[in-house]
Amino acid sequence: MSAVTTTEAAVTVAPAKDTPQVRRRRRLSPGRRLPAARLAGPVLLLALWAAASAAGQLDPAAIPAPWTVVRTGAHLWTDGTLPTDILTSLQRAATGFVIGLVAGVVLALASGLSRTGEALIDGTVSLNRAIPTLGLIPLFILWLGIGETFKVAIIAIVVYIPIYLNTYAALSGIDHRFVELAEVQGLSRFAFVRQIVVPGALPGFFVGLRLGVTGSWLGLVVLEQINATSGLGYMMFQAQNYGQSDVILVGLVVYGVFGLVSDSAVRLVERRVLSWRRTLSS
(Lines give C-alpha, C1' and ligand atoms only; values in the text may rest on other atoms or scores of the structure.)
Protein backbone atom coordinates (compact mmCIF):
# COMPACT_ATOMS: atom_id res chain seq x y z
CA MET A 1 0.00 0.00 0.00
CA SER A 2 2.81 2.40 0.88
CA ALA A 3 4.63 1.53 -2.33
CA VAL A 4 1.60 2.52 -4.37
CA THR A 5 1.26 5.79 -2.49
CA THR A 6 4.93 6.56 -3.02
CA THR A 7 4.61 5.88 -6.75
CA GLU A 8 1.56 8.19 -7.07
CA ALA A 9 3.39 10.94 -5.22
CA ALA A 10 6.34 10.59 -7.57
CA VAL A 11 4.07 10.84 -10.57
CA THR A 12 2.20 13.81 -9.13
CA VAL A 13 5.30 15.85 -8.32
CA ALA A 14 6.87 16.31 -11.77
CA PRO A 15 9.89 18.53 -12.39
CA ALA A 16 8.78 22.07 -13.31
CA LYS A 17 11.57 22.44 -15.83
CA ASP A 18 10.09 19.71 -18.03
CA THR A 19 6.87 21.72 -18.54
CA PRO A 20 7.11 23.82 -21.73
CA GLN A 21 6.52 27.52 -21.06
CA VAL A 22 4.21 29.41 -23.41
CA ARG A 23 5.94 32.57 -24.58
CA ARG A 24 3.67 35.58 -24.69
CA ARG A 25 3.50 37.13 -28.14
CA ARG A 26 4.52 40.77 -28.29
CA ARG A 27 2.06 43.03 -30.07
CA LEU A 28 3.74 45.26 -32.66
CA SER A 29 0.69 46.73 -34.39
CA PRO A 30 -0.46 50.29 -33.55
CA GLY A 31 -3.64 48.91 -31.97
CA ARG A 32 -7.27 49.78 -32.47
CA ARG A 33 -8.23 52.95 -34.26
CA LEU A 34 -9.44 55.59 -31.83
CA PRO A 35 -12.81 57.24 -32.60
CA ALA A 36 -12.46 60.69 -34.17
CA ALA A 37 -8.70 60.43 -33.72
CA ARG A 38 -7.92 62.87 -36.53
CA LEU A 39 -9.78 65.64 -34.70
CA ALA A 40 -7.55 65.39 -31.62
CA GLY A 41 -4.76 67.48 -33.14
CA PRO A 42 -6.97 70.36 -34.36
CA VAL A 43 -8.89 70.41 -31.07
CA LEU A 44 -5.63 70.57 -29.10
CA LEU A 45 -4.36 73.38 -31.32
CA LEU A 46 -7.63 75.28 -30.81
CA ALA A 47 -7.40 74.81 -27.04
CA LEU A 48 -3.84 76.14 -26.97
CA TRP A 49 -4.86 79.11 -29.11
CA ALA A 50 -7.77 79.91 -26.80
CA ALA A 51 -5.64 79.50 -23.67
CA ALA A 52 -2.90 81.76 -25.02
CA SER A 53 -5.45 84.41 -26.05
CA ALA A 54 -7.18 84.31 -22.67
CA ALA A 55 -3.83 84.64 -20.90
CA GLY A 56 -2.93 87.69 -23.00
CA GLN A 57 0.08 86.00 -24.61
CA LEU A 58 -1.05 86.82 -28.16
CA ASP A 59 -1.36 90.23 -29.75
CA PRO A 60 -5.08 90.63 -30.66
CA ALA A 61 -4.18 92.81 -33.64
CA ALA A 62 -1.97 90.07 -35.12
CA ILE A 63 -3.69 86.90 -33.90
CA PRO A 64 -7.24 87.52 -32.68
CA ALA A 65 -8.82 85.18 -30.17
CA PRO A 66 -10.90 82.24 -31.44
CA TRP A 67 -14.14 83.82 -30.23
CA THR A 68 -13.32 86.99 -32.15
CA VAL A 69 -12.81 84.95 -35.32
CA VAL A 70 -16.12 83.15 -34.71
CA ARG A 71 -17.98 86.46 -34.31
CA THR A 72 -16.39 87.81 -37.49
CA GLY A 73 -17.29 84.66 -39.39
CA ALA A 74 -20.88 84.84 -38.18
CA HIS A 75 -21.10 88.49 -39.27
CA LEU A 76 -19.68 87.70 -42.71
CA TRP A 77 -22.14 84.83 -43.06
CA THR A 78 -25.21 86.87 -42.10
CA ASP A 79 -24.40 89.71 -44.48
CA GLY A 80 -24.00 87.22 -47.37
CA THR A 81 -20.32 87.79 -48.05
CA LEU A 82 -19.01 84.46 -46.80
CA PRO A 83 -21.59 82.18 -48.53
CA THR A 84 -20.96 83.85 -51.89
CA ASP A 85 -17.20 83.59 -51.58
CA ILE A 86 -17.38 79.96 -50.43
CA LEU A 87 -19.60 78.99 -53.36
CA THR A 88 -17.27 80.69 -55.84
CA SER A 89 -14.20 78.98 -54.39
CA LEU A 90 -15.91 75.58 -54.38
CA GLN A 91 -16.85 75.95 -58.04
CA ARG A 92 -13.30 76.84 -59.05
CA ALA A 93 -11.73 74.09 -57.00
CA ALA A 94 -14.23 71.45 -58.16
CA THR A 95 -13.90 72.30 -61.85
CA GLY A 96 -10.10 72.26 -61.79
CA PHE A 97 -10.05 69.10 -59.67
CA VAL A 98 -12.31 67.14 -62.02
CA ILE A 99 -10.27 68.14 -65.07
CA GLY A 100 -7.01 67.27 -63.32
CA LEU A 101 -8.39 63.95 -62.06
CA VAL A 102 -9.48 62.82 -65.51
CA ALA A 103 -6.23 63.97 -67.12
CA GLY A 104 -4.07 62.29 -64.47
CA VAL A 105 -5.84 58.93 -64.69
CA VAL A 106 -5.97 58.85 -68.50
CA LEU A 107 -2.30 59.80 -68.87
CA ALA A 108 -1.25 57.30 -66.21
CA LEU A 109 -3.13 54.46 -67.91
CA ALA A 110 -1.73 55.38 -71.31
CA SER A 111 1.79 55.59 -69.94
CA GLY A 112 1.61 52.56 -67.66
CA LEU A 113 0.04 50.14 -70.13
CA SER A 114 1.96 51.08 -73.27
CA ARG A 115 5.66 51.53 -73.96
CA THR A 116 4.81 54.07 -76.64
CA GLY A 117 2.65 56.00 -74.21
CA GLU A 118 5.40 55.85 -71.61
CA ALA A 119 7.93 57.26 -74.07
CA LEU A 120 5.66 60.12 -75.08
CA ILE A 121 4.04 60.99 -71.75
CA ASP A 122 6.24 60.17 -68.79
CA GLY A 123 9.15 62.42 -69.72
CA THR A 124 6.81 65.30 -70.51
CA VAL A 125 5.03 65.00 -67.17
CA SER A 126 8.36 64.79 -65.36
CA LEU A 127 9.42 68.01 -67.09
CA ASN A 128 6.14 69.64 -66.10
CA ARG A 129 6.64 68.52 -62.50
CA ALA A 130 10.12 70.10 -62.45
CA ILE A 131 8.65 73.48 -63.39
CA PRO A 132 6.96 75.26 -60.46
CA THR A 133 3.27 75.28 -61.34
CA LEU A 134 2.63 78.71 -59.86
CA GLY A 135 5.49 79.99 -62.03
CA LEU A 136 3.29 79.26 -65.04
CA ILE A 137 0.73 81.86 -63.98
CA PRO A 138 2.15 84.78 -66.05
CA LEU A 139 2.34 82.62 -69.17
CA PHE A 140 -1.19 81.25 -68.69
CA ILE A 141 -2.51 84.78 -68.22
CA LEU A 142 -1.03 85.68 -71.64
CA TRP A 143 -2.53 82.55 -73.20
CA LEU A 144 -5.94 82.36 -71.51
CA GLY A 145 -6.57 85.85 -70.22
CA ILE A 146 -7.00 86.93 -66.63
CA GLY A 147 -10.47 85.50 -66.11
CA GLU A 148 -11.60 82.20 -64.65
CA THR A 149 -10.08 79.96 -67.33
CA PHE A 150 -6.47 80.33 -66.31
CA LYS A 151 -7.35 79.75 -62.64
CA VAL A 152 -9.09 76.46 -63.45
CA ALA A 153 -6.20 75.44 -65.72
CA ILE A 154 -3.59 76.02 -63.00
CA ILE A 155 -5.64 74.06 -60.45
CA ALA A 156 -5.99 71.21 -62.97
CA ILE A 157 -2.19 71.08 -63.41
CA VAL A 158 -1.64 71.09 -59.66
CA VAL A 159 -4.08 68.17 -59.34
CA TYR A 160 -3.11 65.97 -62.27
CA ILE A 161 0.62 65.73 -61.48
CA PRO A 162 0.38 63.83 -58.14
CA ILE A 163 -2.46 61.67 -59.46
CA TYR A 164 -0.45 60.73 -62.52
CA LEU A 165 2.79 60.08 -60.63
CA ASN A 166 1.27 57.85 -57.97
CA THR A 167 -1.04 55.97 -60.34
CA TYR A 168 1.76 55.40 -62.82
CA ALA A 169 4.08 54.21 -60.04
CA ALA A 170 1.41 51.77 -58.87
CA LEU A 171 0.92 50.45 -62.40
CA SER A 172 4.66 50.03 -62.88
CA GLY A 173 4.88 48.20 -59.56
CA ILE A 174 2.39 45.45 -60.45
CA ASP A 175 4.12 42.08 -60.21
CA HIS A 176 4.88 40.72 -63.69
CA ARG A 177 3.82 37.27 -62.54
CA PHE A 178 0.24 38.49 -62.50
CA VAL A 179 0.61 39.57 -66.11
CA GLU A 180 1.99 36.17 -67.05
CA LEU A 181 -0.85 34.46 -65.19
CA ALA A 182 -3.39 36.58 -67.07
CA GLU A 183 -1.76 35.60 -70.37
CA VAL A 184 -1.84 31.90 -69.43
CA GLN A 185 -5.51 32.20 -68.47
CA GLY A 186 -6.25 33.85 -71.80
CA LEU A 187 -7.77 37.02 -70.36
CA SER A 188 -8.90 39.68 -72.77
CA ARG A 189 -7.46 43.18 -72.62
CA PHE A 190 -10.54 44.49 -70.85
CA ALA A 191 -10.57 41.63 -68.33
CA PHE A 192 -6.87 42.13 -67.71
CA VAL A 193 -7.39 45.82 -66.93
CA ARG A 194 -10.41 45.13 -64.74
CA GLN A 195 -9.03 42.20 -62.75
CA ILE A 196 -5.30 42.97 -62.59
CA VAL A 197 -4.56 46.59 -63.45
CA VAL A 198 -7.32 48.36 -61.53
CA PRO A 199 -6.90 46.49 -58.19
CA GLY A 200 -3.13 46.85 -58.42
CA ALA A 201 -3.23 50.58 -59.15
CA LEU A 202 -5.93 51.61 -56.66
CA PRO A 203 -3.65 52.07 -53.61
CA GLY A 204 -1.34 54.42 -55.50
CA PHE A 205 -4.28 56.18 -57.11
CA PHE A 206 -5.80 57.04 -53.74
CA VAL A 207 -2.48 58.41 -52.50
CA GLY A 208 -2.35 60.68 -55.54
CA LEU A 209 -6.01 61.58 -55.07
CA ARG A 210 -5.40 62.78 -51.53
CA LEU A 211 -2.43 64.87 -52.68
CA GLY A 212 -4.51 66.26 -55.55
CA VAL A 213 -7.36 67.28 -53.26
CA THR A 214 -4.95 69.11 -50.99
CA GLY A 215 -3.17 70.69 -53.95
CA SER A 216 -6.41 72.08 -55.35
CA TRP A 217 -6.97 74.08 -52.16
CA LEU A 218 -3.36 75.24 -51.96
CA GLY A 219 -3.45 76.50 -55.54
CA LEU A 220 -6.79 78.18 -54.98
CA VAL A 221 -5.42 80.32 -52.13
CA VAL A 222 -2.90 81.93 -54.48
CA LEU A 223 -5.03 82.13 -57.61
CA GLU A 224 -7.95 83.88 -55.94
CA GLN A 225 -5.69 86.79 -55.07
CA ILE A 226 -4.96 87.50 -58.75
CA ASN A 227 -7.54 89.76 -60.42
CA ALA A 228 -10.46 88.06 -58.65
CA THR A 229 -13.67 89.78 -57.58
CA SER A 230 -14.97 87.02 -55.33
CA GLY A 231 -13.80 83.95 -53.49
CA LEU A 232 -12.13 83.24 -50.17
CA GLY A 233 -8.70 84.29 -51.45
CA TYR A 234 -10.14 87.61 -52.69
CA MET A 235 -11.78 88.16 -49.31
CA MET A 236 -8.46 87.54 -47.55
CA PHE A 237 -6.58 89.82 -49.95
CA GLN A 238 -9.01 92.66 -49.30
CA ALA A 239 -8.74 92.08 -45.56
CA GLN A 240 -4.96 92.36 -45.82
CA ASN A 241 -5.28 95.82 -47.36
CA TYR A 242 -7.39 96.98 -44.41
CA GLY A 243 -5.42 95.14 -41.72
CA GLN A 244 -8.33 92.85 -40.79
CA SER A 245 -6.49 89.86 -39.40
CA ASP A 246 -9.70 88.32 -38.06
CA VAL A 247 -11.15 88.14 -41.59
CA ILE A 248 -7.92 86.55 -42.85
CA LEU A 249 -8.14 83.91 -40.11
CA VAL A 250 -11.77 83.24 -41.05
CA GLY A 251 -10.65 82.48 -44.60
CA LEU A 252 -7.80 80.26 -43.38
CA VAL A 253 -10.13 78.35 -41.08
CA VAL A 254 -12.60 77.76 -43.90
CA TYR A 255 -9.79 76.56 -46.18
CA GLY A 256 -8.55 74.25 -43.43
CA VAL A 257 -12.00 72.82 -42.78
CA PHE A 258 -12.58 72.17 -46.47
CA GLY A 259 -9.17 70.54 -46.80
CA LEU A 260 -9.72 68.31 -43.77
CA VAL A 261 -13.23 67.29 -44.82
CA SER A 262 -12.25 66.52 -48.41
CA ASP A 263 -9.20 64.51 -47.31
CA SER A 264 -11.31 62.59 -44.78
CA ALA A 265 -13.87 61.83 -47.48
CA VAL A 266 -11.16 60.41 -49.75
CA ARG A 267 -9.78 58.31 -46.87
CA LEU A 268 -13.26 56.97 -46.14
CA VAL A 269 -13.80 55.96 -49.76
CA GLU A 270 -10.33 54.42 -49.82
CA ARG A 271 -11.08 52.26 -46.78
CA ARG A 272 -14.34 51.09 -48.32
CA VAL A 273 -12.90 50.34 -51.74
CA LEU A 274 -9.72 48.72 -50.39
CA SER A 275 -11.40 46.88 -47.51
CA TRP A 276 -9.79 43.63 -48.75
CA ARG A 277 -6.34 44.88 -47.76
CA ARG A 278 -4.91 44.12 -44.34
CA THR A 279 -2.69 47.05 -43.43
CA LEU A 280 -1.53 48.84 -40.28
CA SER A 281 -4.16 51.54 -40.76
CA SER A 282 -6.94 48.96 -40.94
Side-chain angles (χ1 to χ4, degrees), residues 42 45-46 49 60-104 131-163 209-266:
L45 181 62
L46 180 61
W49 179 17
I63 306 178
W67 42 89
T68 303
V69 176
V70 171
R71 286 198 300 266
T72 302
H75 174 70
L76 292 173
W77 184 271
T78 53
D79 68 7
T81 301
L82 193 57
T84 303
D85 290 334
I86 287 177
L87 182 60
T88 303
S89 296
L90 287 175
Q91 289 175 344
R92 288 172 180 152
T95 304
F97 176 77
V98 171
I99 295 175
L101 173 62
V102 174
I131 300 174
T133 304
L134 297 180
L136 297 173
I137 291 178
L139 188 60
F140 272 61
I141 290 177
L142 292 177
W143 288 349
L144 304 175
I146 204 162
E148 294 294 315
T149 306
F150 98 91
K151 297 181 178 65
V152 172
I154 293 294
I155 293 174
I157 294 176
V158 172
V159 170
Y160 101 89
I161 291 178
I163 292 178
L209 188 63
R210 291 180 58 192
L211 294 174
V213 168
T214 305
S216 65
W217 294 112
L218 294 177
L220 190 65
V221 175
V222 178
L223 293 169
E224 287 190 329
Q225 299 183 29
I226 301 175
N227 195 44
T229 57
S230 61
L232 292 172
Y234 170 76
M235 180 188 73
M236 295 167 61
F237 181 72
Q238 293 295 106
Q240 175 193 347
N241 294 332
Y242 294 100
Q244 298 172 320
S245 57
D246 53 343
V247 177
I248 296 176
L249 285 176
V250 169
L252 291 176
V253 169
V254 174
Y255 275 129
V257 169
F258 282 159
L260 180 63
V261 170
S262 57
D263 182 73
S264 299
V266 174

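Here the structure is a predicted model, which is why all the values come from computation and not from measurement.
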In a table with atom names and distances, give each donor-acceptor pair under 3.5 Å that connects a side chain of residues 230-244 to protein atoms at least two apart or in another chain.
none

Would you name the heavy atoms of [X] and [Y] that are closest together and state the gap between them?
X	Y	result
Ser262	Val213	OG-CG1, 3.0 Å
Leu220	Ser89	CD2-O, 3.5 Å
Leu82	Gly73	CD2-O, 3.9 Å
Val159	Ser216	CG2-CB, 3.8 Å
Val158	Thr133	CG2-CG2, 3.5 Å

Distance check, rounded to the nearest 0.5 Å: [X] atom [atom1] versus [Y] atom [atom2]?
X	Y	atom1	atom2	result
Leu101	Leu209	CG	CG	6.0 Å
Ile155	Lys151	CD1	NZ	9.5 Å
Leu249	Thr72	CG	OG1	9.0 Å
Thr84	Leu76	OG1	CG	11.0 Å
Ile63	Thr68	CD1	OG1	12.5 Å
Ile141	Ile154	CD1	CD1	8.5 Å

Problem set entry | Leu223 vs Ile137 side-chain heavy atoms within contact, under 4.5 Å |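 Yes, their side chains come closer than 4.5 Å.
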Can you list everything that forms a side-chain contact (heavy atoms from CB on, under 4.5 Å) with [X]? Sequence neighbours excluded, please.
X	value
Leu46	Trp49, Pro66
Ser245	Pro64
Leu144	Phe140, Thr149, Phe150, Ala153
Val152	Thr95, Ile99

Exercise. Quick one: salt bridge (Lys or Arg N to Asp or Glu O under 4.0 Å) partners of Asp246, sequence neighbours excluded?
Worked result: none
Exercise. Is there a side-chain contact (heavy atoms from CB on, under 4.5 Å) between Val102 and Tyr160 once you walk through the steps?
Worked result: CA-CA 8 Å; Val102 174; Tyr160 101 89; over 6 Å; no
Exercise. Is it true that atom CH2 of Trp77 has more than 12 heavy atoms of other residues, nucleotides or ligands lying nearer than 6.0 Å?
Worked result: no
